[in-house]
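Just the heavy atoms: all of them, side chains too, but no hydrogens, waters or symmetry mates, feed the values below.
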Amino acid sequence: MNKPCNNPYLPQPAEVIERIDESATIFTLRLKFVDPNIHAAYSFQPGQFNMLYLHGVGEIAISIVSDPTDNTLYDHTIRVVGRVTKGFAQLKVGDQIGIRGPYGNHWPYQTIIGKDVLVITGGLGCAPVVAAINYFFQRRDQYGRIFIVQGVKHSNDLIYKDRFAAWAQHPNTQVLIAAGVTIKGWPWYKGTTVDLLPKLIQFNGAKTTALICGPEIMMYYAIKALIARGMSDESIYLSIERNMQCGIGHCGHCQLGPFFVCKDGPIFSYAKLKPLLMKEGF
């Protein structure tokens, strides 16, 4: 795990270089460390997250969604849901925040070379896997078929439209998108993420690895559907969301059974998490 400094408690100043409004309540901040040496030394792996600190407001854990092979700027997509994220929503180009990280483990992108990859996401749940998707397409010849399945509650909630369109243009790739509620002119499917799984073309569960993130109930039913189609517990990986306040396993807010999501996760194999998923109290 690489970090821009040796002190895990000290946020490093970073400047907002660009702000992208993805929807009415979702935006992306493109950040650059103020110290050029820290910026040059920083690196991350797909699936990791940073702790973003807004002076006088608070700190939140946010997935890194930029391409891990490009260290020019570091993107973080944020949904406005509470006091701290409302503070981040007021930022503009030139403002500064603090960054600690990267933290957590990563998707198994290196151990699945040669296999088919199925990415299943729900809502803004796609953010933790965007860096992995970018990694796959940078090395497209190293992987088999790539399936990307995205579901949102309302068609207005869909972000990254340009990215989905670009990914769909790659050979040996299938992109499926659904919304529970649609507006006139919606070009994709109406329904849930799980409704899309029977539409996968040339899907072979025995040679596929699944990366899943989003609402836990969606992940649960997606897993049931995938196992019914020949996938094993060990070939399914999940990105788990919990209340991560420190990022280094000290505060205990993100404890999930014997695990700390910030340190042991946020990526878990389903085989490891199976006894805890959808269990009350965890």
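- Annotation for N156 and S23: closest pair O-CB, 4.3 Å, computed over non-hydrogen atoms.
- The nearest pair of heavy atoms linking E22 to I159 is CB-CG2, 3.6 Å.
- L31 contributes atom CG, which lies 10.5 Å from atom CD of Q96 (distance to the nearest 0.5 angstrom).
- Ionic pairing of R242 and E216 is present here: one or more N-O contacts between side-chain nitrogen and carboxylate oxygen are shorter than 4.0 angstrom.
- Relative ring orientation between Y42 and Y74 is described as perpendicular, the plane-to-plane angle rising above 60° on a 0-90° scale split at 30° and 60°.
- In this structure a side-chain-to-backbone donor-acceptor pair under 3.5 Å is present from N105 to D264.
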- Query: Please walk me through it: do E15 and I17 pass side chain to side chain contact (heavy atoms under 4.5 Å, CB included)?
  - Reply: CA-CA 6 Å; E15 181 180 348; I17 303 301; 4.1 Å; yes
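- The only member of I240, T193, V194, I236 that meets side-chain contact (heavy atoms from CB on, under 4.5 Å) when paired with M219 is I240.
- Cluster membership check: L73 does not share its hydrophobic cluster with L91, using side-chain heavy-atom separations under 4.5 Å among Ile, Leu, Val, Met, Phe, Trp and Tyr.
- Under the 4.5 Å side-chain criterion, counting only non-hydrogen atoms from C-beta, Q174 is in contact with R145.
- Formation of a donor-acceptor pair under 3.5 Å by the T25 side chain with backbone atoms of V80 is not found in this model.
- Between the CD1 atom in I64 and the CD atom in Q48 there is a gap of 6.0 Å [rounded to 0.5 Å].
- For CD1 of I217, the number of neighbouring non-hydrogen atoms (other residues, nucleotides, ligands) closer than 6.0 Å is 12 at most.
- Between Y135 and Q45, the side chains place no donor N or O within less than 3.5 Å of an acceptor N or O (distance only, hydrogens not considered).
- H253 contributes atom NE2, which lies 6.0 Å from atom CG of N243 (distance to the nearest 0.5 angstrom).
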Would V16 and R30 satisfy side chain to side chain contact (heavy atoms under 4.5 Å, CB included), going step by step from the backbone distance to the final call? CA-CA 6 Å; V16 177; R30 288 191 164 161; over 6 Å; no
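- At distances below 3.5 Å, at least one donor-acceptor pair connects side-chain atoms of D70 with backbone N or O atoms of T72.
- Using a 4.5 Å heavy-atom threshold, the side chains of Y9 and H250 count as touching.
- Looking at L211, N134, I148 one by one, the single match for side-chain contact (heavy atoms from CB on, under 4.5 Å) with V129 turns out to be L211.
- Here the closest heavy-atom approach between residue S63 and residue H76 is recorded as O-CD2, 3.7 Å.
- Residues C254 and F259 fail the side-chain proximity criterion, which asks for heavy atoms closer than 4.5 Å.
- A salt bridge does not link D141 with R139: none of the charged nitrogens is closer than 4.0 Å to a carboxylate oxygen.
- Between D21 and T28, every side-chain heavy-atom pair lies at or beyond the 4.5 Å cut-off.
- No side-chain heavy atom of I146 sits less than 4.5 Å from a side-chain heavy atom of V175.
- Of the possible donor and acceptor atoms, one in the side chain of R229 sits under 3.5 Å from a partner among the backbone N and O of L197.
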Show, in sequence, the C-alpha distance, side-chain angles and deciding distance for Y53 and I60, and conclude whether the side chain to side chain contact (heavy atoms under 4.5 Å, CB included) test is met.
CA-CA 7 Å; Y53 173 69; I60 50 176; over 6 Å; no
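- Closest of all the heavy-atom pairs between F49 and M244 is CZ-SD, 3.7 Å.
- Under 4.0 Å is where a charged nitrogen must lie from a carboxylate oxygen, and between E59 and R100 at least one such pair does.
- Note that R140 lies outside the cation-pi zone of F137, set by a 6.0 Å cut-off to the ring centre and a 45° limit from the axis.
- Paired with Y103 under the rule side-chain contact (heavy atoms from CB on, under 4.5 Å), one option of P266, C262, C246, P8 passes, and it is P8.
- In this structure, CD1 on I78 lies 15.0 Å from NZ on K86, to the nearest 0.5 angstrom.
- Taking 4.5 Å as the limit, some side-chain heavy atom of L256 sits within range of a side-chain heavy atom of L273.
- Panel note: side chain Y160, backbone A165; no donor-acceptor pair is recorded below 3.5 Å.
- For S235 and T209, the side-chain atoms include no donor-acceptor pair closer than 3.5 Å.
- Placement of V93 and F33 in two distinct hydrophobic clusters is found when ILVMFWY residues are connected by side-chain heavy-atom separations under 4.5 Å, directly or transitively.
- Counting only residues at least two apart or on different chains, the ring-ring contact (aromatic ring centres under 6.0 Å, His included) pairs with a member in residues 178-214 are F147-F203, W186-W188.
- By the 4.5 Å heavy-atom criterion applied to side chains, V34 and H39 are not counted as neighbours.
- In the displayed structure, K161 atom NZ is contacted under 6.0 Å by more than 12 heavy atoms of other residues, nucleotides or ligands.
- In this structure, a donor-acceptor pair under 3.5 Å is present between the side chains of D67 and Q138.
- D75 places no side-chain N or O within donor-acceptor distance of the main-chain N or O of V65, the cut-off being under 3.5 Å.
- A distance of 6.0 Å separates CG in L200 from CG in L176, rounded to the nearest 0.5 Å.
- Checked against a 6.0 Å centroid threshold, the rings of Y237 and F268 do not count as neighbours.
- Between the side chain of Q150 and the main chain of V152, no donor-acceptor pair closer than 3.5 Å is present.
- Separating the CD1 atom in I120 from the CE atom in M218 is a distance of 7.0 Å, to the nearest 0.5 Å.
- V81 and F27 sit in two unconnected hydrophobic clusters of ILVMFWY residues. Membership requires side-chain heavy atoms under 4.5 Å apart, directly or through other members.
- Contact annotation: the side chain of T121 never approaches that of I212 to less than 4.5 Å [non-hydrogen atoms, C-beta and beyond].
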Start with the C-alpha gap between V117 and I112, add the side-chain angles, then the distance that decides, and say whether side chain to side chain contact (heavy atoms under 4.5 Å, CB included) holds. CA-CA 8 Å; V117 181; I112 62 174; 3.9 Å; yes
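- For D195 (side chain) and T192 (main-chain N/O), a donor-acceptor pair under 3.5 Å exists by modelled atom type.
- Checking side-chain atoms of T85 against main-chain N and O of G82 turns up a donor-acceptor pair under 3.5 Å.
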